[in-house]
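Residue numbers begin at 1 in each chain, while the letters A, B, ... track the order of the sequences. If you're wondering where the values come from, they're calculated on a predicted model, not measured in any experiment.
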Amino acid sequence: RKEVEQDPGPFNVPEGATVAFNCTYSNSASQSFFWYRQDCRKEPKLLMSVYSSGNEDGRFTAQLNRASQYISLLIRDSKLSDSATYLCVVNGGNNDMRFGAGTRLTVKP
Amino acid sequence: DAGITQSPRHKVTETGTPVTLRCHQTENHRYMYWYRQDPGHGLRLIHYSYGVKDTDKGEVSDGYSVSRSKTEDFLLTLESATSSQTSVYFCAISGQGGQNGYTFGSGTRLTVV
């Protein structure tokens, strides 16, 4: 079983749609959680951290459920520029950062 | 943007040759990491460093070595390149050991023929 699992997609949605990505992790002692965005042939870039209380940044909402070891990312009012691969990242502590394989999103006009 | 650069950006090399990739940072961060990214896999940690001359192995360290003689430079060496080491290699830096996430370099696309 992989440490961090994501639905690989692809998710193909029209502009303006709401789309949700899910991620599960196996290490119950994990300490911090992130969503990264990776454009084609580019490096991953931090999109947002994920806090236990849930957090929002504009059209993006991230949630964490420690009991179920589950993280989600919700994107509202999708834009063409949101097309990318979204990586779920879990920090187990002691430099043990684990990456999901990513979920690919394509937003179409 | 954070000051982290990787060189070279692309490299093609022959099986059996040694290859060194360089990561350079201007952020004075303590932690530096080398990852490889392959289709169907998440980024996988090769080696990391927690200070000058302090390094440790990651998940996929076989066939790789690293050195950190200065805070700003972290070198990854493929001792004898194999086709299975064809990959995209990313360097990352962190000031807090990952508590605030990592910042990545632009990557090195390595092809071993």
Side-chain angles (χ1 to χ4, degrees), chain A residues 1-10 21-27 29-52 55 57 60 62 64 69 71 73 84-104, chain B residues 1-7 9-10 23 25 29-51 54-61 66 68 74 87-111:
Chain A
R1 183 187 169 193
K2 291 183 180 178
E3 297 269 350
V4 179
E5 297 211 52
Q6 295 182 246
D7 182 341
F21 305 138
N22 303 317
C23 169
T24 57
Y25 61 95
S26 60
N27 181 0
S30 296
Q31 301 176 359
S32 50
F33 309 87
F34 310 91
W35 282 102
Y36 276 71
R37 171 195 169 122
Q38 186 172 24
D39 293 293
C40 188
R41 301 179 79 85
K42 299 284 189 181
E43 73 272 23
K45 292 187 177 179
L46 181 63
L47 179 65
M48 57 198 303
S49 300
V50 187
Y51 304 119
S52 297
N55 48 301
D57 182 2
F60 299 83
L64 167 64
Q69 295 179 207
I71 304 160
L73 177 68
T85 297
Y86 291 84
L87 308 179
C88 174
V89 184
V90 176
N91 182 10
N94 291 323
N95 295 290
D96 184 24
M97 196 79 91
R98 298 286 179 158
F99 291 77
T103 298
R104 199 166 84 217
Chain B
D1 287 347
I4 174 172
T5 55
Q6 291 184 233
S7 59
R9 293 295 310 276
H10 299 89
C23 179
Q25 59 138 337
H29 281 338
R30 177 181 175 190
Y31 297 93
M32 298 185 76
Y33 311 84
W34 277 107
Y35 283 86
R36 61 178 289 174
Q37 187 175 37
D38 304 290
H41 294 273
L43 285 134
R44 292 180 292 173
L45 181 65
I46 303 171
H47 283 277
Y48 69 97
S49 170
Y50 46 96
D54 291 325
T55 66
D56 207 348
K57 294 179 179 180
E59 182 186 356
V60 290
S61 59
V66 289
R68 192 163 177 206
F74 192 32
S87 188
V88 180
Y89 291 86
F90 287 103
C91 177
I93 60 175
S94 169
Q96 301 276 338
Q99 292 306 310
N100 296 318
Y102 294 167
T103 300
F104 286 87
S106 300
T108 295
R109 192 168 293 272
L110 177 69
T111 303

Under 4.5 Å from any heavy atom of chain A - which part of B:Asp56: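 Neither part.
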
Region of B:Tyr50 in contact with chain A, defined by heavy-atom distances below 4.5 Å: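 Neither part.
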
Choice from A:Pro44, A:Gly100, A:Cys88 maximising heavy atom contacts with chain B below 4.5 Å: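 Of A:Pro44, A:Gly100, A:Cys88, A:Pro44 has the most heavy-atom pairs under 4.5 Å with chain B.
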
Inter- and intrachain pairs under salt bridge (Lys or Arg N to Asp or Glu O under 4.0 Å), touching residues 32-42 of chain B, at least two apart: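 Only B:Arg36-B:Asp38, B:Asp38-B:Arg44 qualify under salt bridge (Lys or Arg N to Asp or Glu O under 4.0 Å).
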
From B:Tyr48 atom OH to A:Asp96 atom CG, the distance as rounded to the nearest 0.5 Å: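 B:Tyr48 atom OH to A:Asp96 atom CG measures 9.0 Å (nearest 0.5 Å).
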
Whether B:Phe104 and A:Phe99 hold their rings parallel, tilted or perpendicular, with breakpoints at 30° and 60°: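 B:Phe104 vs A:Phe99 ring planes: perpendicular.
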
Heavy-atom pair of closest approach, residues A:Leu87 and B:Leu43: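 Closest pair (atom of A:Leu87, atom of B:Leu43, distance): CD1-CD1, 4.0 Å.
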
Closest non-hydrogen atom pair between B:Gly40 and A:Ala101, with its separation: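 For B:Gly40 and A:Ala101, the tightest heavy-atom pair comes out as O-CB, 3.9 Å.
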
Residues B:Tyr35, A:Met97; criterion side-chain contact (heavy atoms from CB on, under 4.5 Å); working and verdict: CA-CA 11 Å; B:Tyr35 283 86; A:Met97 196 79 91; 3.6 Å; yes

Segment of A:Pro8 engaging chain B (4.5 angstrom heavy-atom cut-off):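 Contact with chain B: none, neither part.
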
Contacting region of A:Arg98 [heavy-atom separation from chain B under 4.5 Å]: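 For A:Arg98, side-chain heavy atoms alone lie under 4.5 Å from chain B.
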
Between B:Gln6 and A:Glu43: side-chain donor-acceptor atoms closer than 3.5 Å: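 No, no side-chain donor-acceptor pair sits under 3.5 Å.
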
Full working for side-chain contact (heavy atoms from CB on, under 4.5 Å) between A:Gln38 and B:Phe90: CA-CA 12 Å; A:Gln38 186 172 24; B:Phe90 287 103; 3.7 Å; yes

Residue list, side-chain contact (heavy atoms from CB on, under 4.5 Å) with A:Leu64, at least two apart or on another chain: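 If we apply the side-chain contact (heavy atoms from CB on, under 4.5 Å) test to A:Leu64, skipping adjacent residues, the hits are A:Tyr25, A:Phe33, A:Val50, A:Ser52, A:Arg66, A:Ile71.
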
